[in-house]
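Only a predicted model underlies this, so the values are computations on that prediction, with no experimental measurement involved. Here is how names work: the chains are called A, B, and so on, in the same order as the sequence lines, proteins then strands, and each is numbered from 1.
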Amino acid sequence: MSTSSACFSLFKHCKTFTHLLQVHAFAAKTGLQSHPLVAGQLLLHSAVTLSDTLHYALRFFSSIPSPDPFMFNTLIRGFSESQHPHQSLLTYAQMQRTSVPPDSFSFAFLLKAAANSRSLLSGAQVHSHVVHHGFDEHLFVGTTLVSMYAECGCPHSARQVFDEMSQPNLVAWNAAVTACFRSENVRDAEELFARMPWKNSTSWNVMLAGYTKAGELVSARRLFLDMPFKDPVSWSTMIVGFASNGDFDGAFWFYKEMLSEGLGPNEVSLTGMLSACAQAGAFESGKALHGNAVKSGMICIVSVANALLDMYARCGNVDMAHRVFDREMTKKSVISWTSMMAAFAMYGHGDEAIKLFCEMDECGIKPDGITFISLLYACSHAGLVERGNEYFHQMEDKYGIELSIEHYGCMVDLYGRAGLLEEAYEFVMKMPIKPNAIIWRTLLGACSIHGNLGLAEQAKTRLAELDPNDSGDYVLLSNIYAVAGKWKDVANVRRSMSDRRLIKNPGWSSIEVDKIIYTFVASDISSGVKQEAHNKLSEIMLRLRLEGYIAAVSNVLHDIEDEEKHDAISKHSEKLAVAFGIARTSNGSAIRIVKNLRVCGDCHAVMKMISKVYGREIVVRDRSIFHSFKDGSCSCKDYW
DNA sequence: CTAGGGTTAG
C-alpha cells in the first residue's frame, strides 16, 4: 500500500476535529499534503463531513497553489450546507477566474446552495450557467434543478425543467412529485404519481409524506393501506405525519400496528412517538418509550434524547426533563440547550433559563434565533423586562443573529405582560419590520390581561385589516368588553362574528389515565365517560360553593343571563378533565391536564380551590405555560 | 476521492 492511500484511509476514520488535526500534521510532515488526493480528502472532511470546521477548510484551501475541480467542488459543497450558502457562488466565481472548468458536481452543489438560501435569483443564474456549459441534459443536474425551483417557490419552472427532461428516471419523477407538494399542488402530485412508469417504495413514501404535510391524513392512510410493500420509512412517515398534525390516536395506532408486524421502532418513529406523547401530555406512555430508548440504545441519538427531554417538559415533569439533560445526554446540540431553556420558561423559572443560557455561552455553544425566542420568552414569563431588553440588543451586536418578527413579538409580549402597554405600543410603532397579525394579537392579549380597552380597540382595528377571520381575536375583545361590563359591545362583537360565520375555536382538555388519553370538550355529554365527568364536576362545584366559591362570570363570551353564564363556565373542558381525574385516580396523586387554549380566570380560581380542598396537585399545561396548583395557589403567581 | 428523490427534536 502506498503512503498516500494509507493517508487516505486515515482521513476516512476521522471522527473529530482533533483527530483530523493529527492526520493533517502527519500528512504535512511526510510531505503528502501536497498530494491532490490527500489534500482533497482533508478538504472533504473539514468542509463537509465534520461540523463547524469549515474555517479550517477555507484556510487550507487558500494555501493550495492550484486547486483542482474536486477541491473547488468540495468547498462549494461545504458552503452550500453552511449558514452562508451564498459563499458557494463566490467560490464558483473564483473557479471561473482561475479557468478551472466546472463539471456536473459543481452545478449540483451550486443549485443546492441556491435551494438552501431560497434564492431564486441565484438559482436561475446558476441555471443559465448550466445551459451555457452544456449540462442541461445531465440527469443529476436536471433533478437538482427541479428540486431547486421547488424550494425557491417557483413550481412552474420546476415542472418545466422536468417536462423537458428527455429521459427522466425514477429519482427525477420522485423529485417532480415532491415539487408539486411543495407548492401545495396535491392534485398535480397525484396525477404525476399515477403516470409514473415505475414505482418503488420511495415513490409511495413521497406521496405519504406529501399528503401528511398537506394535512390530508385520510388520503395518506388510504394510500398507506394500499401500498404493496411498507418499509421502515413508510411507517415512520405515518407516525411522524399523524403526530405532527395533532392526531395522537392515529400516531399510536400506526405505532402499535408496526410493532404487531414485527417491526421495531427506529429513531425516527421513536422521535415521532415522543412528540405525539409530548403534545398529548401522555406522560405514562412517554415514560414507557423512555425505557424503550434506553434498552435499544437509541437514547444515545441526539434527536431521540431531545425529543425525550421535550416530552417530559410538556408532560408536566420538568425535573425528569432536567435529568435527561444532565445525565442521559452524552452529546448536546443547540436544540438540547434551547429545549431545556424552553422547559424552564414554561414553568416560569426564568432565572433557571437565564442561568442555562450563560452556561451554554461559557461552553462555547453558539445560540441561534430560536434559542433567543426561548430566552426572551423566559424573561417575559418571569417578568424580567430589563434582562429581556438587554438580551434583545445583544442578539445582533454580540451574537450576530438576525432579528426576526418572532423576536419582536417576544418583546411586545415582554412589555405587554408586565403591564407596560404604552411601551409595548411604542415598540410596535417603531419596529423596522411591518407588524403582522401575531404582533397585534400579542398586544391584544396583553390588553386583555391588564384591561386596557382603548389600546385593545386599536389592535383590533389593525387585526381587522391583517387577519379578519381569527375567531380568537373576537373572543379576546369580547372578553375585554365583558370585564368592563360593556354588554352592548360584547353583543356587537358577537354579531360580527356570526356575520362572518366564525365559530369560537372549541376548547378541549385531555387527561391520561392508565395510558389512555381522554379528551373533553365543553358541554359535551355524548359518552358515558363524559357523563361521569359531568356528574363528578357537579359534586365538586357544590362542595366548592360551600367553601365560598363565587364564579367569575365575566369569563364568558356573551351577555347571557347570569345563571346561564354560571352554567357555561362551569362546563369548561379543563374543569371536566379535572373532575374526571379526581374520579378516576387515587387520592393524593397528581393530576396532569393539557388544554389547547389558555386557562380562563374562573377555571384558574377553581383549580386553586380544588388543589386545596381535595389535597391534590394539579398540573395544567395551557397553550403557552404550565400551571402547577398546590394547596390553593398556582406556580404562575396569577401571572399568565 | 464528490451528486439527485422519502421519515428525525427546540
Any base atoms under 4.0 Å from [X], or only sugar-phosphate, or nothing? Heavy atoms, all strands.
{"X": "N73(A)", "value": "base"}
{"X": "T237(A)", "value": "sugar-phosphate"}
{"X": "L170(A)", "value": "base"}
{"X": "A209(A)", "value": "sugar-phosphate"}
{"X": "F109(A)", "value": "base"}
{"X": "V233(A)", "value": "base"}
{"X": "S374(A)", "value": "nothing"}
{"X": "S104(A)", "value": "base"}
{"X": "T178(A)", "value": "sugar-phosphate"}
{"X": "K332(A)", "value": "nothing"}
{"X": "V302(A)", "value": "base"}

Any side-chain donor paired with an acceptor under 3.5 Å for N306(A) and S303(A)?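 Looking only at side-chain atoms, S303(A) and N306(A) do not form any donor-acceptor pair under 3.5 Å.
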Is the closest basic N to carboxylate O distance between [X] and [Y] below 4.0 Å?
{"X": "E81(A)", "Y": "R77(A)", "value": "yes"}
{"X": "R159(A)", "Y": "D163(A)", "value": "yes"}
{"X": "R182(A)", "Y": "E151(A)", "value": "yes"}

Close side-chain approach of T91(A) to F109(A), heavy-atom, < 4.5 Å: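 Contact flag for T91(A)/F109(A) side chains = no.
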DNA chain B: 5'-most and 3'-most nucleotides touching chain A, 4.0 angstrom heavy-atom criterion: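 Nucleotide range in contact with chain A: dC1(B) to dG10(B).
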Which residues, if any, of residues 135-144 of chain A bring a heavy atom under 4.0 Å of DNA chain B?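 Under 4.0 Å from DNA chain B: H138(A), L139(A), F140(A), T143(A), T144(A).
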F357(A) and F372(A) aromatic centres sub-6.0 Å: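 That pair passes the under 6.0 Å test.
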Aromatic ring proximity, centroids under 6.0 angstrom, F72(A) and Y92(A):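 No.
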Would you sort out whether R187(A) and E191(A) count as a salt bridge (charged side-chain N to carboxylate O under 4.0 Å, His left out), showing the intermediate values? CA-CA 6 Å; R187(A) 300 307 146 225; E191(A) 187 241 339; over 6 Å; no
So if I apply the side chain to side chain contact (heavy atoms under 4.5 Å, CB included) rule between L43(A) and each of N73(A), I64(A), V38(A), which one comes out positive?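 It is I64(A); the other options fail the test.
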